[in-house]
**Student:** 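The structure that follows is given in the form of structure tokens.
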Amino acid sequence: MVSSERLLAFAAMSFLLIVVPGPSVLFVIGRALAQGRRAALTTVVGNTVGAYVLVVAVALGVGSVVERSVLVFTALKLVGAACLVYLGVRAWRKRGSLQAAVTTDGSARGGGLRTLWEGFAVGVANPKTMVFFAAVLPQFVDRAQGHVVVQMLMLGLVFNLIAVACDSVWGLAAATGREWFARSPRRLSLVGGIGGLTMIGLGVTVAATGRKD
């Protein structure tokens with residue numbers, strides 16, 4: 001139902017958003033540094049399930065309204081773009097505080113279910129993902145093909161597959177280099193700064209693009 005061109009474009013934009021360290025990635029990195037690989041990967045699974053709940057919510061609720069109204073679509077797109085820029089600016093300003101975010105107390109070890117639940121809570125409450133699904137996801141739906149909800153769910157699945165791969169890499173890398181990351185606030189600051197600038201750029205891109213009808 002979704003054309004290959006739209007699918008590739010959505011995958012590219014999704015990758016750009018996902019690869020940027022946001023709340024979910026920082027949480028995964030924190031778990032990896034504090035508790036190791038297993039906790040990091042469990043957190044990734046929880047994050048992914050939480051993110052897909054947002055996809056379903058948009059597909060069944062916001063998506064149907066946006067699909068019928070150019071005005072609502074435009075307003076939501078501009079609000080979403082503004083939120084992305086805001087999150088980017090905030091990430092840039094707080095880039096020096098990432099050391100505290102990722103050096104979670106290693107003694108706070110919970111079971112697998114607790115780790116999964118905490119990952120889910122972070123994923124479903126992630127403002128960056130929420131804005132992306134609400135403001136960007138509808139742009140890649142081909143309304144002429146029909147089955148708008150199915151298209152959104154399919155695109156959301158693509159997003160989540162990319163997220164699992166990227167977030168797992170972040171988690172495994174952090175678990176492997178726990179001491180290397182933890183003893184260098186400068187490295188963490190660089191990661192946060194690049195992430196902030198990329199989110200700002202993504203917000204500008206969202207504001208400048210959209211449907212033609």
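The chain is numbered in sequence order, starting from 1.
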**Student:** Using every non-hydrogen atom in the two residues, find where Ser14 and Ile162 come nearest and quote the distance to one decimal.
**Tutor:**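 It is CB-CD1, 4.2 Å.
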
**Student:** Calculate, to the nearest 0.5 Å, the distance between atoms OG1 and CZ belonging to Thr48 and Phe159 respectively.
**Tutor:**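 Answer for the OG1-CZ pair, Thr48 versus Phe159, is 9.0 Å.
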
**Student:** Indicate the atoms forming the closest heavy-atom contact of Ser168 with Val164, along with that distance.
**Tutor:**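 The pair with the smallest heavy-atom distance is OG-O, 2.6 Å.
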
**Student:** Give the cluster check for Leu157 versus Val136: same hydrophobic cluster or not, with ILVMFWY residues linked at side-chain heavy-atom distances below 4.5 Å.
**Tutor:**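 Per the 4.5 Å side-chain linkage, Leu157 and Val136 are co-clustered.
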
**Student:** Is it true that a side-chain atom of Arg37 and a backbone atom of Gly171 form a donor plus acceptor pair closer than 3.5 Å?
**Tutor:**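 Side chain of Arg37 to backbone of Gly171: no pair is present.
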
**Student:** What heavy-atom pair brings Gln139 and Arg6 nearest, and what distance separates the two atoms?
**Tutor:**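 Minimum heavy-atom contact is O-NH1, 3.7 Å.
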
**Student:** Provide the closest heavy-atom pair for Ala51 versus Phe133 in the form atom of the first, atom of the second, distance.
**Tutor:**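 That closest heavy-atom pairing would be O-CE1, 3.3 Å.
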
**Student:** Side chain of Asp167, backbone of Val25: donor and acceptor closer than 3.5 Å?
**Tutor:**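 No; judged by distance alone, with no hydrogens or angles, the pair does not exist.
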
**Student:** Say whether Leu8 and Val158 are linked into one hydrophobic cluster, either directly or through other cluster members, by side-chain heavy-atom distances under 4.5 angstrom.
**Tutor:**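 No.
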
**Student:** Do Leu137 and Phe10 have side-chain heavy atoms sitting under 4.5 Å apart?
**Tutor:**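 Counting from C-beta outward, Leu137 and Phe10 do come under 4.5 Å.
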
**Student:** How many angstroms lie between CG in Leu7 and CE in Met154, if you round to the nearest 0.5 Å?
**Tutor:**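 Going from CG on Leu7 over to CE on Met154, the span is 8.0 Å.
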
**Student:** Identify the two heavy atoms, one from Val124 and one from Leu54, that lie closest to each other, and give their separation to 0.1 Å.
**Tutor:**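 Minimum heavy-atom contact is O-CD2, 3.4 Å.
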
**Student:** Just how far is it from atom CG of Leu161 to atom CD1 of Ile18, taken to the nearest 0.5 Å?
**Tutor:**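 Reported value, rounded in 0.5 Å steps: 9.5 Å.
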
**Student:** Start with the C-alpha gap between Met13 and Phe140, add the side-chain angles, then the distance that decides, and say whether side chain to side chain contact (heavy atoms under 4.5 Å, CB included) holds.
**Tutor:** CA-CA 11 Å; Met13 185 167 279; Phe140 292 89; 4.3 Å; yes

**Student:** With distance as the sole test, does Tyr52 use its side chain to make a donor-acceptor pair with the main-chain N or O of Leu153 at under 3.5 Å?
**Tutor:**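 It does hold such a pair.
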
**Student:** Following the transitive rule for hydrophobic clusters with a side-chain heavy-atom cut-off under 4.5 Å over Ile, Leu, Val, Met, Phe, Trp and Tyr, establish whether Val44 and Leu116 coincide in one cluster.
**Tutor:**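 Result: no, two separate clusters.
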
**Student:** Could you tell me whether the side chain of Phe120 reaches within less than 4.5 Å of the side chain of Val45, counting heavy atoms only?
**Tutor:**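 No; the side chains remain at least 4.5 Å from each other.
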
**Student:** Rounded to the nearest 0.5 Å, what separation is found between the CG atom of Leu17 and the OG1 atom of Thr129?
**Tutor:**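 With rounding to 0.5 Å, CG (Leu17) is 6.0 Å from OG1 (Thr129).
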
**Student:** For the residue pair Leu41 and Leu172, establish whether any side-chain heavy-atom pair is separated by less than 4.5 Å.
**Tutor:**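 A side-chain contact exists here, since the closest heavy-atom pair is under 4.5 Å.
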
**Student:** If you look at every heavy atom in Val58 and Met152, which pair is closest and at what distance?
**Tutor:**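 Result for this residue pair: O-SD, 4.1 Å.
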
